[in-house]
There are 2 protein chains.
Amino acid sequence: MPPSKLKSNEAPVPPRRQQDADAKAGSGVPVKARPLTRIQREKQDIILEAALEVFSVHGFRGSTIDQIAEVAGMSKPNLLYYFPRKEEIHRRLMSELLVTWLAPLREMDAKGDPFPEIRSYIRRKLEMARDFPRESRLFANEMLQGAPRIIEMIEVDLKNLVDEKAQVLLGWMDEGKLARTDPYHLIFSIWATTQHYADFDVQVRAVLGPARGGEGRFEDAARYLEQLFLFGLTPRKQPGKPA
Amino acid sequence: MPPSKLKSNEAPVPPRRQQDADAKAGSGVPVKARPLTRIQREKQDIILEAALEVFSVHGFRGSTIDQIAEVAGMSKPNLLYYFPRKEEIHRRLMSELLVTWLAPLREMDAKGDPFPEIRSYIRRKLEMARDFPRESRLFANEMLQGAPRIIEMIEVDLKNLVDEKAQVLLGWMDEGKLARTDPYHLIFSIWATTQHYADFDVQVRAVLGPARGGEGRFEDAARYLEQLFLFGLTPRKQPGKPA
DNA sequence: CTAACATTTTTCCAACTGGTCAAAATTCTT
DNA sequence: AAGAATTTTGACCAGTTGGAAAAATGTTAG
């Protein structure tokens, strides 16, 4: 008996459509894409917010429409009126996420100096971990599962951006302004260290305890990471300690 | 309508027991804990292996007994004969995991010198990410969910170990052998950077592409992390480049 | 060999799941 | 205010899921 790979039973081909929701092909009708009512916009936002709450904790398979509907404060059929299927909600969430998620890296400017640029990149990522932990976990959840629903975005958009920024880093290294090292792993290490504070929040809090695990932990983290990325752990002369 | 916190519907109080599996209280019977047959040991191992495969990808809620049974090559009722409920399998997996998971940190020796010790700690963690990625993801999955099933272990065993090792690091700092910095965040950064290669493996591969995303990526990571933790990103004189 | 025990299979079930549908209620437009 | 369009509800369904019970089939010590 061969181990047999996990079957990916998730999407048995959607059979019908609910009503409109997106363009219908085949007819000469000029695709009357109605502009979304106020209620539609509001409710969709409420649903996406609720879905973020649920998906970010339990992942796609582990979350149910009922759970999302309950958090959103509406009935399941009502929710399904706005998003005809579960996948749709998740897809929307993920594509919106990726844009905001990569924004900090986009801002890293080749024309700036490496240390201010890297330093503020780290700060921005850390702020995102602090202010949008659910988004971070949603992303992490998807990664853990092998990114089945966003793999192309990763392979195209994200890869291109990283390639571009790796070139920027290499440029700085050529100018002697930055230690010569692997730019890709450099970026990975910034992602890892900052997102850790969102994704492993429970662990961080548990280890730091109530005294140091409060909001101050992000400031401590920022200070520590700044030092790590600047000088590493090698001890240096204390500038303000002549004695 | 209050947002209403996610209900934790996971364990409606187990009603009955299957047959033995653990001690029965109340009777004067001397708790005949049978010593586990050969088949029992073998099958349990097969099940745990299969469960690791499944849980590490989909998390607890997202995984089904059927999936695990299929991977394990047995029927669901048969599987339930060995582990009377899903939670049991997960619990076993987690408690075994935590021991091996913390082993590398345990080995960090106060009597050694900081750089060799930290360096080999990083190496060991990186090897674990390479050789036991499923375990890493299982752990990450549990963390993302708020560690509901292992929070006490985190708050006690893990915290104690980290506290102890933080003292070791502080000692080294006092001796001037290690840059003075936050020992807790130092440990976090090692966890984050190393586990990243297991938990975000898809992303790492996608970004590095087929050329650099092969097995060599772990060696590249090791080299990069070594430099990062030793010297950071500040450029230094090239030792072997006098020109 | 066979009774006692261990293992496996078959059948079954109630709750949960993603999703449909028609009717009722509400909101918007004129 | 009325008609049209939108939104919400309630009833329902087929497939899945965790698990129980019991019968059928091995295995093994005496």
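A, B, ... follow the sequence lines: proteins, then strands. Residue 1 opens every chain.
Residue A:Tyr82 places at least one side-chain N or O closer than 4.0 Å to OP1 or OP2 of D:dT8. OP1 or OP2 of C:dT17 has at least one side-chain nitrogen or oxygen of B:Arg61 nearer than 4.0 Å. Residue A:Gln40 has a polar side-chain atom (N or O) positioned under 4.0 Å from OP1 or OP2 of D:dT7. Listed pair B:Arg85 / D:dA20 meets the phosphate criterion, a side-chain N or O lying under 4.0 Å from OP1 or OP2. Checking the phosphate oxygens (OP1, OP2) of D:dT9, a side-chain nitrogen or oxygen of A:Ser75 falls inside 4.0 Å. Taking 4.0 angstrom as the limit, B:Tyr81 places a side-chain polar atom (N or O) nearer than this to OP1 or OP2 of C:dT7. Taking only side-chain nitrogens and oxygens, B:Lys86 never comes nearer than 4.0 Å to OP1 or OP2 of D:dT17. Put simply, A:Asn78 has a side-chain N or O that comes within less than 4.0 Å of OP1 or OP2 on D:dT9.
Every salt bridge (charged side-chain N to carboxylate O under 4.0 Å, His left out) that A:Asp220 has, sequence neighbours left out, goes to A:Arg212, A:Arg223. Looking at residues two or more places apart in sequence or on another chain, you find a side-chain contact (heavy atoms from CB on, under 4.5 Å) between B:Met128 and B:Trp101, B:Pro104, B:Phe132. Residues satisfying the side-chain contact (heavy atoms from CB on, under 4.5 Å) criterion with B:Arg106, sequence neighbours excluded, are B:Leu102, B:Leu161. Residues satisfying the salt bridge (charged side-chain N to carboxylate O under 4.0 Å, His left out) criterion with B:Lys86, sequence neighbours excluded, are absent altogether. Annotation: side-chain contact (heavy atoms from CB on, under 4.5 Å) contacts of B:Glu215 (sequence neighbours excluded): B:Arg130, B:Arg217, B:Phe218. Partners of A:Ala198 under the side-chain contact (heavy atoms from CB on, under 4.5 Å) rule, at least two apart in sequence or in another chain, are A:Ala129, A:Pro133, A:Ser136.
Summarising the geometry, the separation between CD on B:Gln67 and C1' on D:dG18 is reported as 13 Å, rounded to the nearest angstrom. One can place CZ of B:Arg41 at 14 Å from P of C:dA6, the figure rounded to the nearest angstrom. To the nearest angstrom, P of C:dT9 lies 12 Å from CG of B:Leu79. Protein atom CG of B:Leu80 is 13 Å distant from nucleotide atom P of C:dT9, rounded to whole Å. Note: CD1 (B:Ile68) to C1' (D:dG18) measures 11 Å, nearest angstrom. Distance B:Glu70 CD to D:dT17 P: 11 Å, rounded to the nearest Å. A:Phe83 has its CZ atom 16 Å from the P atom of C:dG18, to the nearest Å. Between the CD1 atom of B:Ile65 and the P atom of D:dG18 there is a distance of 5 Å, given to the nearest Å.
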Report all interatomic pairs (protein N or O, nucleotide N or O of nucleotides 11-15 of chain C) with separations under 3.5 Å.
none

Interface polar pairs with nucleotides 27-30 of chain C, N/O, under 3.5 angstrom:
unit_1 : atom_1 : unit_2  : atom_2 : d
C:dC28 : OP1    : A:Arg38 : NH2    : 2.7

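Judged as a salt bridge (Lys or Arg N to Asp or Glu O under 4.0 Å), the pairs with a partner in residues 151-160 of chain B (not counting sequence neighbours) are, in order, B:Lys159-B:Asp163.
Between the A:Thr64 side chain and the A:Gln67 main chain, a donor and an acceptor come within less than 3.5 Å of each other. A donor-acceptor pair under 3.5 Å is formed between the side chain of A:Asn141 and the backbone N or O of A:Ser56.
For A:Phe83 and A:His90, the gap between ring centers reaches or exceeds 6.0 Å.
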